[in-house]
There are 2 protein chains.
Amino acid sequence: MPKNPQPELVPVDRAILRLLAENARMPNNAIAEEVGIAPSTCLARIRALRERGVIRGYHADVDPAALGLGIQAMISVRLHAHTKERISSFTAEIPLLPGVLTAFHLAGADDYLLHVAVPDTDALRDFVLDHLTAHPAVAHTETSLIFGHMRGHMTA
Amino acid sequence: MPKNPQPELVPVDRAILRLLAENARMPNNAIAEEVGIAPSTCLARIRALRERGVIRGYHADVDPAALGLGIQAMISVRLHAHTKERISSFTAEIPLLPGVLTAFHLAGADDYLLHVAVPDTDALRDFVLDHLTAHPAVAHTETSLIFGHMRGHMTA
DNA sequence: AATGAAACGCCACAAAC
DNA sequence: GTTTGTGGCGTTTCATT
């Protein structure tokens, strides 16, 4: 959780991060061998990365369709007023809504972009009408179905 | 990788998935105790979920800012022609571009939505000009800076 | 700061209930 | 599906360089 200043990010750390980003369950031994350092050193580096906040967590990637959420969509949301209170209250509520995978707070014509997964198009309509259109702070929404998505390699 | 038909997703599986989605490195023993089944059973269920494709992978969540990528943006991309060949070639190229975290293929006015992370605004401009505007299939782009984002709880 | 060895804990496989 | 037990591996700490 702590986000210390950056004592520089050395190449071996980047290599470790690349491996863990691809497979968070890769054994420490295997990582150490792959990047060319001792297992204990590798473990210490990973722990340091975790505590510095470089690694924010480890998450299983669950297929929404397997959970019965076969439809995914991107919903642009524009708010009425842009007072800080309204923004922050909306920001706090949004990730709690059922089906919201990720919520982006944007600088631009639209204020938010919601990535949602729902069982079917009826549920999508209900989501927009019940939680967005009905919300007093919401001025406008625009929904686009998602055909598919791809992860990049984080090859920065 | 195999995506078998679904032999039904029982509540205990959903509980396991919820825990692993939050912390992919949670020990099997702890998961088993939390959901109320034996460790060996839990392990077998997790393995089955993995092989059925319900769990697609385990990924470390790395802070892009720590990698020197302090700027994130969403870029809407509209293509000229919508032939299948063009779409698929663009789809194949996009996730390879440096800085692309995720690429969404949309149904709507815009064809793609790119979530990118770059070191600074200069790099963002270069990304758009070099890889998108210069691409023959690209008709229009629109870039919005990202102030922040939140993960939902996957509480489907 | 990185290494190597040694204790600990967890995991995986195999039975039997 | 659960429980127990055993072997093997990964992890963790410590002493050392």
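Computed from a predicted structure; not experimentally measured.
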Could you give the [atom1]-to-[atom2] distance, from [X] to [N], as a whole number of Å?
X: B:Glu33; N: C:dC11; atom1: CD; atom2: C1'; answer: 16 Å
X: B:Ile37; N: D:dT3; atom1: CD1; atom2: P; answer: 10 Å
X: B:Arg50; N: C:dC11; atom1: CZ; atom2: P; answer: 17 Å
X: A:Leu43; N: D:dT12; atom1: CG; atom2: C1'; answer: 7 Å
X: B:Met26; N: D:dT11; atom1: CE; atom2: C1'; answer: 18 Å
X: A:Arg25; N: C:dC10; atom1: CZ; atom2: P; answer: 14 Å
X: A:Ile46; N: D:dT11; atom1: CD1; atom2: P; answer: 8 Å
X: A:Ile31; N: C:dA2; atom1: CD1; atom2: C1'; answer: 17 Å

May I ask you to verify if any side-chain N or O of [X] is less than 4.0 angstrom from the OP1 or OP2 atom of [N]?
X: B:Asn29; N: C:dC11; value: yes
X: B:Thr41; N: D:dT2; value: yes
X: B:Arg47; N: C:dA12; value: no

For atom CD of A:Glu33, decide whether the heavy atoms of other residues, nucleotides or ligands shown that lie under 6.0 angstrom number more than 12.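 Not more than 12 within 6.0 Å, no.
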Could you check whether A:Ala38 gets within reach of a base, just the sugar-phosphate, or nothing at all, counting any heavy atom under 4.0 Å?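 The answer is sugar-phosphate, as A:Ala38 gets under 4.0 Å only of primed atoms, P, OP1 or OP2.
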Side chain of B:Pro27: nearest nucleotide among C:dC10, D:dT13, D:dT3?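 For the B:Pro27 side chain, the nearest candidate turns out to be C:dC10.
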D:dG1, C:dG4, C:dA1: which one has an atom nearest the side-chain heavy atoms of B:Arg45? D:dG1
Donor-acceptor pair, B:His59 side chain versus A:Ala21 backbone, under 3.5 Å? yes
Is a donor-acceptor pair below 3.5 Å formed from side chain B:Ser40 to base D:dG1, judging by atom type as modelled? no
Short N-O contact, A:Arg78 and A:Asp111, less than 4.0 angstrom: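 Looking at A:Arg78 and A:Asp111, the cut-off is not met.
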Classify the ring geometry of A:His149 against A:His115: parallel below 30°, tilted from 30° to 60°, perpendicular beyond 60°. perpendicular
Rounded distance (nearest 0.5 Å) linking atom CE of A:Met150 with atom CG of B:Leu114: 7.5 Å
